[in-house]
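The first residue in the sequence is number 1, and the count goes up from there. Since this is a predicted model, take the numbers as computed values, not measurements.
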Amino acid sequence: MTEELLKLEKELSFDHLSHEDLHDIGESILRRVKEEKQGSVGIRAVVNGLRIYQYVMDGREEDRWLSRKEKTVETFGHSGYYLWAMYQEKKKYDRYVEDEEYAICGGSFPILIGGMRVGVFCVSGLSHGQDHQLIVDAFREFQGKQKAEHAD
């Protein structure tokens, strides 16, 4: 599983990505969650330390989980789901599982442009597998749109 997750990170790298693009990706996730009535989520996109997009769940002023997930990718450079899989398979990162500063679980993903990590995209509020899949689906959808635009 861990090898597939590493390949997924490389696959979901972008050639270019603007702040507006990240906003659109965030909005597409929010729309999907509302349409499918999955629950309520928090969403955050950060590039080079600058918070580009954030939606905080109704009834909250901030989301500690988004901050924990963001710090996890910033510190370790990989998706939270990859780190969780490494913990499950090899007991790596076990000292961070109960740490209040990190979230060794799905729902955080590196933003890669040209293979370089420039930021973090996070979703929180559903199961950690669903949080992860929302990001993956939105990134894939956006990559498809980018390819279609360049094909024209």
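- Annotation: the span from Glu36 atom CD to Gln130 atom CD amounts to 9.5 Å, rounded to 0.5 Å.
- Side-chain N or O atoms of Glu4 include one that pairs as donor or acceptor with a backbone N or O of Met1 at under 3.5 Å.
- When every heavy atom of Ser79 is checked against every heavy atom of Pro110, the shortest pair comes out as N-CD, 3.7 Å.
- Closest approach of Arg95 to Asp99, counting heavy atoms only: O-CB, 4.2 Å.
- Annotation: the span from Leu8 atom CG to Glu3 atom CD amounts to 12.5 Å, rounded to 0.5 Å.
- Considering only heavy atoms from C-beta on, Arg31 stays 4.5 Å or farther from Lys34 through its side chain.
- For the residue pair Tyr87 and Ile104, the shortest heavy atom distance occurs at CB-CG2, 4.4 Å.
- Connection of Ile52 to Val123 is established within a shared hydrophobic cluster, with ILVMFWY side chains joined at heavy-atom distances below 4.5 Å, either directly or through further cluster members.
- Side-chain heavy atoms closer than 4.5 Å link hydrophobic residues (I, L, V, M, F, W, Y) into clusters, and following such links, even through other members, never connects Leu50 to Met116.
- When the side chains of ILVMFWY residues are joined at heavy-atom separations under 4.5 Å, either directly or via intervening members, Met57 and Phe121 end up in two distinct hydrophobic clusters.
- Within the 3.5 Å criterion, the main-chain N or O of Ser18 finds a donor-acceptor partner in the side chain of Asp21.
- Between the side chains of Ser108 and Arg68, no donor-acceptor pair is found at a separation under 3.5 Å.
- Ring geometry, Tyr81 versus His132: the interplanar angle falls under 30°, so the pair is classed parallel (tilted spans 30 to 60°).
- Remark: of the listed residues Phe76, Trp65, Tyr93, Phe76 is the sole one forming a ring-ring contact (aromatic ring centres under 6.0 Å, His included) with Tyr102.
- Between Tyr82 atom OH and Leu6 atom CG the span is 4.5 Å, to the nearest 0.5 Å.
- Two different hydrophobic clusters hold Val73 and Ile111 under the rule that ILVMFWY side chains link at heavy-atom gaps under 4.5 Å.
- Considering all non-hydrogen atoms of both residues, Ile43 and Leu66 come closest at N-CD1, 3.9 Å.
- A salt bridge links Glu141 to Lys145: at least one charged side-chain nitrogen sits closer than 4.0 Å to a carboxylate oxygen.
- Distance check: Gln143 CD to Asp15 CG gives 8.5 Å after rounding to the nearest 0.5 Å.
- Side-chain contact of Tyr53 with Glu27: a donor-acceptor pair under 3.5 Å is present, judged by distance alone.
- Two different hydrophobic clusters hold Leu5 and Leu112 under the rule that ILVMFWY side chains link at heavy-atom gaps under 4.5 Å.
- Within 6.0 Å of atom CD in Glu98, 12 or fewer heavy atoms from other residues, nucleotides or ligands are found, so the atom counts as exposed in its surroundings.
- From Ser67, atom OG reaches atom CD of Glu100 across 12.5 Å, with rounding to the nearest 0.5 Å.
- For the pair Val118/Leu17, no side-chain contact is recorded, criterion being any heavy-atom separation below 4.5 Å from C-beta on.
- Separation of atoms SG (Cys122) and CD (Gln54) is listed at 9.5 Å; rounding is to 0.5 Å.
- For the pair Gln88/Thr2, no side-chain contact is recorded, criterion being any heavy-atom separation below 4.5 Å from C-beta on.
- Taking a cutoff of 4.0 Å between a charged side-chain nitrogen and a carboxylate oxygen, Asp131 and Lys69 qualify as a salt bridge.
- The aromatic rings of His150 and His16 sit perpendicular, their planes meeting at an angle over 60°, well past the 30° parallel limit.
- Taking the charged nitrogens against the carboxylate oxygens, Glu74 and Arg117 have no contact shorter than 4.0 Å, which rules out a salt bridge.
- Among all heavy-atom pairs drawn from Ile29 and Ala138, the shortest one is CG1-CB, 3.5 Å.
- The two residues Gly39 and Val33 have their closest heavy-atom pair at O-CG1, 3.3 Å.
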